[in-house]
> 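What follows is a single structure, and I will ask about it in a moment.
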Amino acid sequence: MSKVCHLFSGSKGNSIYIACSSGKFLVDAGVSAKRLEGALRNIGVEPSELDAIFVTHEHSDHIGGIRVFASRYSLPVYAHPDVICSMRMYDVLKDESQGIELNEAVEINGVEIIPFCNSHDSTACYGYRFNLSDGRAVGVCTDTGYITDDAKRVLMGCDLVFLESNHEVTMLQNGIYPYPLKKRILSARGHLSNYACGEFAKELVKNGTTRIVLSHLSRENNTPDIARQATLCALCEAGFCENIDFRLSVSPEENYERPIVL
C-alpha cells in the first residue's frame, strides 16, 4: 500500500510526502523543520522514518527547512548537481556529504526515483517520478513554464501526478503584480497556467493516470475552484468522466486531511 500527501503547497512553502512499504520520502522541504515535523506527525509519520529528501530547485519555498530538518534527522538530500552547489554556497547543507548530486535515476530501498528537467528560472529544476515497490508510480511536476519533452516522457503511465496549476492567465494579466513579475510568471521559465495544466492532464489520463492533484496554486492569481474547473472542463471535453476515468483534487496550502492511499 502506497500513500502520498501534499503537506504544503504554494508560494509560502512546498513539501510532498510519498511512501510505500519499503521507503518514505519528501519532495522539497520549504517550511520550517517544526512545521514539517508537525505535518508529518499529523498523518502518523515520525520524521525519523524518512529515507531521503528530493529537492526540485533552490528557491526558498522549496528548501527553507532543509538546513535544520535534514541535519536533525541525518537525511540525505538529492538534487541536480547545480542545485546542490547552490545549497552549499548558501549554507543550506551543513554537512559536505549530505548533498547527493543526481544526474540519473537512483534506487533506494526498492524504490526507483527518476528525475526529469523542468523549465524554471532557477539554477536548475527537476521533477520526479517515484516507481514504488508495490508497483504504483507517482509523479511530481511543479515549477515549470511549460511541460518539457523530458517531463512528457517520464510521467506517462504514472498512477498519480502532482501537477502545477499556478495561475489563471487573465487574473494574472489584470492583477496587482508589477509587469516584470507578470512577464516572468508567463514566460517559458515561469509557472504553468491553468490552461496548460488542463492540456497536459488530458495526455496523462489518456496514458493511464487516474489521479491528478493540482498543485502550487497562486494566492493572488488563482483560486482552487477556478483551477479545478479549468482542468475538469479540459478532461470532460476530451471525453473522460470524473470518478470513472480519473479523480481530480486540489492541494491546500497546508494539509489537514489523511494521505491519499493508492
Side-chain angles (χ1 to χ4, degrees), residues 1-56 61-79 98 100 106-114 126-142 158-165 209-217 224 228 243 246-262:
M1 182 174 64
S2 299
K3 295 181 179 181
V4 300
C5 185
H6 214 150
L7 303 175
F8 299 94
S9 179
S11 60
K12 300 297 182 181
N14 297 272
S15 188
I16 297 173
Y17 172 72
I18 298 173
C20 60
S21 59
S22 63
K24 298 180 180 181
F25 309 92
L26 288 185
V27 176
D28 292 331
V31 300
S32 70
K34 182 177 180 179
R35 293 183 70 196
L36 282 169
E37 290 166 346
L40 286 166
R41 287 172 177 145
N42 187 54
I43 59 171
V45 178
E46 280 299 317
S48 58
E49 298 172 5
L50 295 172
D51 293 290
I53 301 173
F54 286 81
V55 172
T56 57
D61 57 323
H62 294 263
I63 65 168
I66 283 180
R67 187 176 189 275
V68 174
F69 189 81
S71 296
R72 183 172 292 169
Y73 298 101
S74 301
L75 291 170
V77 178
Y78 291 81
Q98 195 173 48
I100 301 176
V106 63
E107 184 174 323
I108 302 173
N109 296 341
V111 178
E112 182 186 32
I113 301 96
I114 305 171
Y126 272 160
Y128 294 100
R129 175 180 177 137
F130 288 75
N131 289 327
L132 302 170
S133 57
D134 65 356
R136 299 290 190 175
V138 175
V140 177
C141 185
T142 64
C158 282
D159 296 280
L160 179 149
V161 176
F162 292 95
L163 182 59
E164 180 168 53
S165 189
T209 298
T210 56
R211 286 179 178 265
I212 294 174
V213 183
L214 305 181
S215 305
H216 212 301
L217 274 66
R228 189 180 191 283
N243 297 322
F246 67 91
R247 293 185 183 181
L248 179 66
S249 57
V250 181
S251 293
E253 286 192 349
E254 183 170 355
N255 179 68
Y256 293 102
E257 299 179 358
R258 288 179 292 182
I260 297 171
V261 177
L262 298 176

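Residue numbers start at 1 and run along the sequence shown.
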> Give a yes or no answer on whether the side chain of Y128 reaches the backbone of V55 with a donor-acceptor pair at less than 3.5 Å.
yes

> For the residue pair L132 and A19, what are the closest heavy atoms and their distance?
CD1-O, 4.3 Å

> Given 3.5 Å as the limit, does a donor-acceptor pair link the side chain of D61 with the main chain of N14, or not?
no

> I need the minimum non-hydrogen distance between V250 and V213, along with the two atoms involved.
C-CG1, 4.5 Å

> Ignoring hydrogens, what is the shortest heavy-atom contact between D159 and G135? Give both atom names and the distance.
OD2-O, 4.2 Å

> Looking at K24, I want to see if its NZ is surrounded by more than 12 non-hydrogen atoms of other residues, nucleotides or ligands under 6.0 Å.
yes

> Checking E37 against Y73: is there a side-chain donor and acceptor pair closer than 3.5 Å?
yes

> I113 versus Y126: any side-chain heavy-atom pair under 4.5 Å?
no

> Would you mind reporting whether V31 and E254 have side-chain heavy atoms less than 4.5 Å apart?
no

> Would you please indicate yes or no on a ring centroid separation below 6.0 angstrom for F130 and F54?
yes

> Tell me if a side-chain donor or acceptor on D134 pairs with a main-chain N or O of S21 at a distance below 3.5 Å.
no

> So with a 6.0 Å cut-off around CD of E257, is the heavy-atom count from everything else above 12?
no

> Heavy-atom count check: over 12 atoms from other residues, nucleotides or ligands less than 6.0 Å from R41 CZ?
yes

> Could you measure the distance from the CG atom of L214 to the CG atom of L163? Nearest 0.5 Å is fine.
6.5 Å

> For the pair H6 and N255, evaluate side chain to side chain contact (heavy atoms under 4.5 Å, CB included) and give the outcome as yes or no after the intermediate values.
CA-CA 7 Å; H6 214 150; N255 179 68; 5.9 Å; no

> Is a side-chain donor-acceptor pair under 3.5 Å present for T142 with H216?
no

> Among residues at least two apart in sequence or on other chains, which ones pass salt bridge (Lys or Arg N to Asp or Glu O under 4.0 Å) with R247?
none

> Check whether S15 reaches the backbone of G13 with its side chain - one donor and one acceptor, N or O, closer than 3.5 Å.
no

> Under the side chain to side chain contact (heavy atoms under 4.5 Å, CB included) rule, what do S251 and L217 come out as? Steps first, then yes or no, please.
CA-CA 8 Å; S251 293; L217 274 66; over 6 Å; no

